Amino acid sequence: MPARLVSVNSNATREFRKLPQAEGRLIADFGLEGDRHAGRPLRQVSILNAETVTELAGAGMPVEPGVLGENITVEGVPVMQLDEGTRLRVGEAELEITGDRPACRELLGVHKDALKAMVGRTGKMARVVRGGTVRPGDPIELIGGSNAHAAHASDLSSECAAT
């Protein structure tokens, strides 16, 4: 399965959950337009695997893309294996991984077991290097950084549900 963007999610309110959008505008050095978390220097966009969402839903948790607070939900990308500095092209935009996405207590509002289930696979944070419009279905390509060649060498679809 090729790496692709499954969902673009934003929320301008203080609510944890983000709402799926038909498209999103990523703004360089800012984040996702219309999202309350945009504008932070190293935490502009949060990224989560669709495989994790699918697994939690299969375990009976009421989740779908955006419910776990992520800005972009991706498929076929080994998100938790991406090192800081790794760059991804998503549609017209380019992101750079800046670190792990923290597990926050708001996950308990999703489901009593969600916080525990997310340990070690909460996703990554990124900054927007080059802005552009992104839409569900857009391809994702690893284009640079410390482990881009290793990630290209392995099959991006080999991402296991446990990450």
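Keep in mind it's a predicted model, so treat the numbers as computed, not measured.
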Completion exercise
For residues 102-116, the salt bridge (charged side-chain N to carboxylate O under 4.0 Å, His left out) pairs (sequence neighbours left out) are none
Exercise for the section: Not counting sequence neighbours, list each pair that qualifies as a salt bridge (charged side-chain N to carboxylate O under 4.0 Å, His left out) and has a residue in residues 56-73. Expected result: Arg17-Glu64
Is the side chain of [X] donor-acceptor paired with the backbone N or O of [Y] at a distance under 3.5 Å, no angle test?
X: Gln44; Y: Val128; answer: yes
X: Arg101; Y: Thr122; answer: yes
X: Asp100; Y: Pro102; answer: no
X: Glu51; Y: Gly76; answer: yes
X: Lys124; Y: Leu82; answer: yes
X: Glu92; Y: Thr133; answer: yes

Exercise for the section: Not counting sequence neighbours, which residues clear side-chain hydrogen bond (donor to acceptor under 3.5 Å, both in side chains) with Lys18? List them please. Expected result: Asp35, His37
Problem - Under the side-chain hydrogen bond (donor to acceptor under 3.5 Å, both in side chains) test, residues paired with His111 that sit two or more places apart - result: none
Exercise for the section: Under 4.5 Å between side-chain heavy atoms, chaining through other members, with only Ile, Leu, Val, Met, Phe, Trp and Tyr counted: pull out the rest of the cluster around Leu115, sorted by chain and number. Expected result: Phe16, Leu48, Val53, Leu56, Met61, Val63, Val67, Leu68, Leu107, Leu108, Val110, Met118
Completion exercise
Apart from Met125 itself, its cluster of hydrophobic side chains linked below 4.5 Å comprises none
For [X] against [Y], the heavy-atom pair lying closest together:
X: Gly69; Y: Ser46; result: O-OG, 3.5 Å
X: Ala93; Y: Gly132; result: CB-N, 4.0 Å
X: Leu95; Y: Ala126; result: CB-CB, 4.1 Å

Exercise for the section: Evaluate the side-chain proximity of Ile47 to Val77: yes if any heavy-atom separation is below 4.5 Å, no if none is. Expected result: no
Exercise for the section: Taking the side chain as every heavy atom from C-beta outward, state whether Thr86 and Glu96 have any pair of such atoms under 4.5 Å apart. Expected result: no
Please output the side-chain donor-acceptor pairs of residues 22-29 that fall under 3.5 Å, not counting sequence neighbours, one pair per line with the distance.
unit_1: Glu23; atom_1: OE1; unit_2: Arg135; atom_2: NE; d: 2.9
unit_1: Glu23; atom_1: OE1; unit_2: Arg135; atom_2: NH2; d: 3.1
unit_1: Arg25; atom_1: NH1; unit_2: Glu33; atom_2: OE2; d: 2.7
unit_1: Asp29; atom_1: OD1; unit_2: Arg127; atom_2: NH1; d: 3.4

Problem - Contacts of Pro20 that satisfy side chain to side chain contact (heavy atoms under 4.5 Å, CB included) - sequence neighbours left out - result: Ser7, Asn9
Handout entry: For Ala50, side chain to side chain contact (heavy atoms under 4.5 Å, CB included) partners two or more places apart
Key = Val6, Thr73, Glu75
Problem - Derivation and outcome, salt bridge (Lys or Arg N to Asp or Glu O under 4.0 Å), residues Arg89 and Glu94 - result: CA-CA 4 Å; Arg89 184 175 296 123; Glu94 184 177 323; 5.1 Å; no
Problem - Gap between atom CG of Asn71 and atom CD of Gln21 - 0.5 Å precision - result: 10.5 Å
Practice task
Evaluate the criterion side chain to side chain contact (heavy atoms under 4.5 Å, CB included) for residue pair Ile143 and Leu88; output intermediate values, then yes/no.
Solution key: CA-CA 6 Å; Ile143 57 172; Leu88 302 100; 6.0 Å; no
Handout entry: Charged N-O contact under 4.0 Å between Arg121 and Glu55
Key = yes
Problem - salt bridge (charged side-chain N to carboxylate O under 4.0 Å, His left out) partners for Asp138, two or more places apart - result: none
Handout entry: Candidate pair Arg36 and Thr13, rule side chain to side chain contact (heavy atoms under 4.5 Å, CB included), full reasoning
Key = CA-CA 6 Å; Arg36 74 178 184 102; Thr13 71; 5.9 Å; no
